[in-house]
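The next block holds one structure in the form of structure tokens; read it before the comments.
Chain identifiers are assigned alphabetically (A, B, ...) following the order of the sequence lines, protein sequences preceding nucleic acid strands; residue numbering begins at 1 within each chain.
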Amino acid sequence: MPELPEVETIKNDLKSNVIRKKIVSVDLGKPRIVKNRGSEFKKQLVGNEFIDISRIGKLLIISLKRGGLLLLVHLKMTGQLIYCHQGKYVAGGHSLPKLGSSLPNKYSHVIFKFTDNSKLFFNDLRQFGYLQLIKRGDLKKVTNNYGIEPLQFNFKPERLAEIFKKRTAPVKSLLLNQKLIAGIGNIYADEVLFAAGVLPDRQAKSLSNKEVKKIFVASQKIIALAIKHRGTTFNDYVDADGNVGSFVKFLKVYGRQGKTCFRCGATVKKTKVAGRGTHFCPECQK
DNA sequence: CTTTCTGTTAGAAA
DNA sequence: ATTTCTAACAGAAA
């Protein structure tokens, strides 16, 4: 689940819950999840506080009060960041544990405990995600690997056209390339291309200005809508306030292979493009 | 049982 | 320089 809208949701939820709480302990169940030495990681974090949380693409950036450090958190495919206070869960990842189930579970690889006895769990079934402490001064090296975001003020159709120009790769693989455009993952790439009426395996350089513009508009619309609906996709997530976020009901092609296209009635197909499962309507998308 | 698939991406190979 | 493929891992589905 964690693409830009999901990470944005997690960031906002965490901001209203863990900021300025003192960390009293850090448990490392699976030390390799943390890219730093375990002893150094604990030493820097215990007694410290999270003072701000931001995001670039799908990467969370947590500012620490002391030490001039930043904590980077990437959830990759199955990572979760779940805050638990007095039995209530807030924020998430690809799916939250069922309500009533308890944490930690067997996938809780890093656990932060705060002075008010609340906890922040980093869970990850496949263990692709990671946490990493870096010096503030090294942030630039990290952000250099990220391209423009769909909702960034200076993202324009011309910019997208520039990215597509001269490239022979399928348009979908460019939408997924974080160095070019940050935040779009497999679900939203398919949804954006459906909304734009463009086949995922079209060579980027073959797209007309009109098609580029449609992809531009669709990317902004869909990412904004997904954020509005808390980006929730395949889960039964309910947050502490009882709000259900479910972007899954807006999905037009993702996971709908074999079903009827909402727009034209043709059968939605699934193939592989750029090594990823790819869903599209062969009638609506050209 | 084995094989294939899965929301990511760094890094190698082509 | 760009594009494609694979590995990292665990578990569900076929």
Side-chain angles (χ1 to χ4, degrees), chain A residues 1-10 29-35 55-60 72-81 91-97 105-110 122-132 134 141-147 149 162-193 200-206 222-223 226-227 229-237 245-248 250-251 253-258 270-279:
Chain A
M1 163 179 137
E3 301 181 33
L4 190 159
E6 291 75 30
V7 179
E8 177 71 14
T9 301
I10 292 166
K30 277 257 193 314
R32 51 181 204 77
I33 294 289
V34 170
K35 288 193 171 184
R55 174 192 63 70
I56 180 164
K58 306 168 192 174
L59 181 71
L60 283 168
L72 306 182
V73 183
H74 202 302
L75 302 173
K76 292 286 183 89
M77 286 173 76
T78 53
Q80 308 176 317
L81 264 184
H94 81 293
S95 69
L96 278 179
N105 60 28
K106 62 190 286 201
Y107 309 116
S108 302
H109 305 312
V110 182
F122 176 86
N123 304 332
D124 194 354
L125 185 149
R126 289 174 73 177
Q127 305 172 36
F128 292 171
Y130 64 86
L131 289 80
Q132 180 181 24
I134 63 164
K141 277 189 263 179
V142 175
T143 58
N144 278 345
N145 292 317
Y146 289 85
E149 295 200 0
E162 187 62 30
I163 289 169
F164 290 164
K165 201 170 121 187
K166 293 186 189 168
R167 289 184 192 259
T168 59
V171 61
K172 175 168 174 175
S173 74
L174 300 188
L175 291 180
L176 290 174
N177 186 332
Q178 303 299 301
K179 283 193 166 182
L180 302 175
I181 302 159
I184 296 179
N186 205 34
I187 295 174
Y188 296 117
D190 283 0
E191 294 299 312
V192 164
L193 289 170
D201 64 353
R202 281 280 299 280
Q203 279 199 146
K205 68 178 184 183
S206 78
I222 288 171
I223 295 296
I227 290 172
H229 291 276
R230 301 177 55 80
T232 311
T233 47
F234 300 126
N235 61 46
D236 49 1
Y237 169 76
S246 185
F247 190 77
V248 69
F250 294 90
L251 297 179
V253 286
Y254 190 89
R256 296 198 66 250
Q257 63 273 21
K270 179 173 181 185
T271 56
K272 196 155 273 211
V273 174
R276 310 294 300 279
T278 297
H279 313 73

Problem set entry | Residue among A:V7, A:L131, A:I10, A:V110 satisfying side chain to side chain contact (heavy atoms under 4.5 Å, CB included) with A:V73 | A:L131
Exercise. If you look at every heavy atom in A:L251 and A:R256, which pair is closest and at what distance?
Worked result: O-CD, 3.6 Å
For this session: Can you tell me the distance, in whole Å, between the CG atom of A:L251 and the P atom of B:dG7?
Result: 12 Å
Problem set entry | From B:dG7, C:dC9, C:dT4, nucleotide with atom closest to A:P170 side chain | C:dT4
For this session: Answer with base, sugar-phosphate or nothing: what part of the nucleic acid does A:G277 contact at a heavy-atom distance below 4.0 Å?
Result: sugar-phosphate
Seminar exercise, completed: Out of C:dA10, B:dC5, C:dT3, minimum distance to the side chain of A:L125 belongs to C:dA10
For this session: Rounded to the nearest angstrom, tell me the gap between atom CG in A:L174 and atom P in C:dT3.
Result: 6 Å
Exercise. At under 4.0 Å, does any side-chain N or O of A:Y107 touch on OP1 or OP2 of C:dC9?
Worked result: no
Exercise. From the list C:dC9, B:dG7, B:dT9, which nucleotide is the closest neighbour of the side chain of A:K58?
Worked result: B:dT9
Seminar exercise, completed: Using Watson-Crick geometry (N1-N3 plus N6-O4 or O6-N4) or G-U wobble (N1-O2, O6-N3), each under 3.5 Å, C:dC9 is paired with none
Exercise. Taking OP1 and OP2 of B:dT8, is either one under 4.0 Å from a side-chain nitrogen or oxygen of A:H74?
Worked result: no
Exercise. Do any side-chain nitrogens or oxygens of A:K179 fall under 4.0 Å of OP1 or OP2 in C:dT3?
Worked result: no
For this session: Can you label the angle between the A:F247 ring and the A:F250 ring as parallel, tilted or perpendicular, going by 30° and 60°?
Result: parallel
For this session: Remember a base hit wins even if backbone is also touched, and classify A:K166 as base, sugar-phosphate or nothing at under 4.0 Å, heavy atoms.
Result: nothing
Exercise. Please give, in whole Å, the distance from B:dA10 C1' to A:M77 CE?
Worked result: 15 Å
Exercise. For the pair made of CG in A:N186 and C1' in B:dC5, what is the distance, rounded to whole Å?
Worked result: 12 Å
Exercise. Distance between the P atoms of B:dC1 and C:dC9, in whole angstroms?
Worked result: 23 Å
Exercise. Rounded to whole angstroms, how far apart are NZ on A:K165 and C1' on C:dA1?
Worked result: 16 Å
For this session: Consider the side chain of A:I187, meaning its heavy atoms from C-beta on, and name the nucleotide among B:dG7, C:dA10, C:dT3 that approaches it most closely.
Result: B:dG7
Exercise. Rounding to a whole Å, what distance do you find between A:L72:CG and B:dA10:C1'?
Worked result: 15 Å
For this session: Would you indicate which nucleotide in C:dC9, C:dG11, C:dT3 comes nearest to any side-chain atom of A:A169?
Result: C:dT3
For this session: Tell me whether the OP1 or OP2 atom of C:dC9 has a side-chain N or O from A:K106 closer than 4.0 Å.
Result: no
For this session: Examine distances only and state if a side-chain atom of A:S173 and a backbone atom of A:V171 form a donor-acceptor pair shorter than 3.5 Å.
Result: no
Problem set entry | A:K76 side chain near C:dA8 phosphate (N/O to OP1/OP2, under 4.0 Å) | no
For this session: Taking only the side-chain nitrogens and oxygens of A:R167, find out if one of them lies under 4.0 Å from OP1 or OP2 of C:dT3.
Result: yes
Exercise. Just to confirm, is there a sub-4.0 Å distance from OP1 or OP2 of C:dA8 to any side-chain nitrogen or oxygen of A:Q127?
Worked result: no
Problem set entry | Atom-to-atom span, CG of A:L176 to P of B:dT8 - whole angstrom | 7 Å
Problem set entry | Between B:dG7 and C:dT3 - C1' atom distance, rounded Å | 22 Å
Exercise. Is the A:Y130 to A:F122 ring centre distance short of 6.0 Å?
Worked result: no
Exercise. Taking the nucleotide of DNA chain B with the closest heavy atom to each, which residue, A:Y130 or A:G275, is nearer the 5' end?
Worked result: A:G275
Exercise. Roughly how far apart, to the nearest Å, are C:dG11 and B:dT9 at atom P?
Worked result: 22 Å
For this session: Starting from C1' on B:dG7, measure out to CG on A:L4 and report it in whole angstrom.
Result: 14 Å
For this session: Grab the two heavy atoms, one from A:P170 and one from A:P200, that are nearest each other, plus how far apart they are.
Result: CB-O, 3.6 Å
Exercise. What closest approach, in Å, do A:K172 and A:L193 show between heavy atoms, and which atom pair accounts for it?
Worked result: CB-CD1, 3.9 Å
Exercise. So, is A:S173 near the phosphate of C:dT3, with a side-chain N or O under 4.0 Å from OP1 or OP2?
Worked result: no
For this session: Examine B:dT8: is either OP1 or OP2 under 4.0 Å from a nitrogen or oxygen in the side chain of A:R276? Give yes or no.
Result: yes
